[in-house]
**Q** 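To start, I am sharing the structure in question, which I have written as structure tokens.
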Amino acid sequence: MATSIKAFLAIMAIMVIADVAMGKNYTVGAPAGSWDLSTDYSAWVADKTFYTGDNLIFSYSSAHDVAEVSKDDYDSCSGSSPISIDKSGNTVFPLTKTGTRYFICAVPSHCTSGMLVTIKVVAKPSSPPAKPPTAPTPPASPSSYHEAPPPSKTPTPAPSPMISGAVVRNNVGLIATVLLGIGSLILIA
């Protein structure tokens with residue numbers, strides 16, 4: 001029993017590390033909407049930055065589909081020659097490389113009614129190196145009167161990598177993994 005618990009804990013640790021290293025999952029339109037005719041996708045995408053390693057999740061009813069298309073097909077709302085198309089109701093697109101990707105609902109009139117979104121994918125940022133403190137510069141020429149020295153400027157420390165968006169992403173997956181592990185422990189016992 002002790003060996004199985006140790007193995008389980010090792011697997012859980014690996015899953016947690018893998019979950020932290022992975023990108024963020026974006027459900028298109030969430031939290032206020034989904035892949036439907038009522039969501040404003042320009043507004044949804046406006047405050048988001050998509051990085052390589054992130055995932056786009058499209059959740060939709062059987063009245064819709066999701067097609068990845070070229071820019072020309074996006075501009076003309078044409079789903080006649082998609083790069084890919086899915087009608088499953090829950091489609092995941094991994095964002096594996098930088099560039100712009102175009103998605104539409106290929107059901108007639110849905111794209112022209114607003115079911116289209118452009119996703120710009122950028123490379124994951126690396127943590128900026130911490131700048132070494134700099135010494136104050138002496139005045140260029142001696143002064144004939146005494147001035148108080150300028151206040152020392154202490155450099156602001158770089159943000160801790162443990163609280164950066166790249167590390168703290170996808171808490172939902174982490175919580176689900178931990179709950180799954182707890183449930184497994186209960187079943188084993």
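Just so you know, these numbers use all the heavy atoms, side chains as well, and skip hydrogens, waters and symmetry mates.
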**Q** Is it the case that the side chain of Asp65 and the backbone of Cys105 share a donor-acceptor pair, with hydrogens and angles ignored and the cut-off at 3.5 Å?
**A** no

**Q** Any side-chain donor paired with an acceptor under 3.5 Å for Thr91 and Tyr60?
**A**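 Per modelled atom types, Thr91 and Tyr60 side chains form a pair under 3.5 Å.
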
**Q** Specify the closest pair of heavy atoms between Thr98 and Ala123, including all atoms of both residues, with the distance to one decimal.
**A** CG2-N, 3.3 Å

**Q** Do any pairs count as a disulfide (SG to SG under 2.5 Å) and have a residue in residues 32-64, sequence neighbours left out, and if so which ones?
**A** none

**Q** Would you say the side chains of Ser80 and Ser78 form a donor-acceptor pair under 3.5 Å?
**A** yes

**Q** Would you say that Thr100 contacts Thr118 through its side chain, given a criterion of any heavy-atom pair below 4.5 Å between the two side chains?
**A**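 Yes, at least one pair of side-chain atoms sits under 4.5 Å.
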
**Q** Please state whether the rings of Phe50 and Trp44 are parallel, tilted or perpendicular, taking 30° and 60° as the class boundaries.
**A**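 Because their plane-to-plane angle lies in the 30° to 60° range, the rings of Phe50 and Trp44 count as tilted.
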
**Q** How are the rings of Tyr74 and Tyr102 set relative to one another: parallel (under 30°), tilted (30 to 60°) or perpendicular (over 60°)?
**A** tilted

**Q** Any chance you could measure Lys48, atom NZ, to Lys24, atom NZ, to the nearest 0.5 Å?
**A** 7.5 Å

**Q** Hydrophobic clustering (ILVMFWY, side-chain heavy atoms < 4.5 Å, transitive) - are Phe93 and Val117 grouped together?
**A** yes

**Q** Just by distance, do the side chain of Asp36 and the backbone of Thr39 share a donor-acceptor pair under 3.5 Å?
**A** yes

**Q** Kindly say whether Asn25 contributes a backbone atom to a donor-acceptor pair with the side chain of Asp54 at under 3.5 angstrom?
**A**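 No, Asp54 side chain to Asn25 backbone: no donor-acceptor pair under 3.5 Å.
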
**Q** If you look at every heavy atom in Pro82 and Ala67, which pair is closest and at what distance?
**A**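 Here Pro82 and Ala67 meet closest at CB-CB, 4.0 Å.
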
**Q** Indicate if Val107 and Ile104 have the same hydrophobic cluster label, given that clusters are the connected sets of ILVMFWY residues with side-chain heavy-atom separations under 4.5 angstrom.
**A** no

**Q** Examine distances only and state if a side-chain atom of Ser70 and a backbone atom of Asp73 form a donor-acceptor pair shorter than 3.5 Å.
**A**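 Confirmed, Ser70 side chain pairs with Asp73 backbone.
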
**Q** With heavy-atom distances below 4.5 Å as the criterion, would you say the side chains of Val69 and Ile83 are in contact?
**A**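 They are not in contact (no side-chain heavy atoms under 4.5 Å apart), so the answer is no.
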
**Q** Indicate, with yes or no, if Val66 and Leu37 share a hydrophobic cluster defined by side-chain heavy-atom contacts under 4.5 Å among Ile, Leu, Val, Met, Phe, Trp and Tyr.
**A** yes

**Q** Identify whether Val121 and Ile57 are in the same connected component of the hydrophobic contact network (ILVMFWY, side-chain heavy atoms under 4.5 Å).
**A**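 Unlinked, Val121 and Ile57 end up in two clusters.
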
**Q** So which atom in Leu116 and which in Cys111 form the shortest heavy-atom distance, rounded to 0.1 Å?
**A** CD2-O, 3.4 Å

**Q** Do Asn55 and Leu95 touch side chain to side chain, with heavy atoms closer than 4.5 Å?
**A**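 No, side chains not in contact.
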
**Q** If you measure from OG on Ser59 to NE2 on His64, what distance do you get to the nearest 0.5 Å?
**A** 12.0 Å

**Q** Do Phe58 and Leu56 touch side chain to side chain, with heavy atoms closer than 4.5 Å?
**A**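 A side-chain contact under 4.5 Å exists here.
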
**Q** Quick one: salt bridge (charged side-chain N to carboxylate O under 4.0 Å, His left out) pairs with a partner in residues 85-105, sequence neighbours left out?
**A** Glu68-Arg101

**Q** Kindly indicate whether the side chain of Thr49, heavy atoms from C-beta on, has any atom under 4.5 Å from the side chain of Val122.
**A** yes

**Q** Is the Tyr41 to Trp35 ring centre distance short of 6.0 Å?
**A** yes

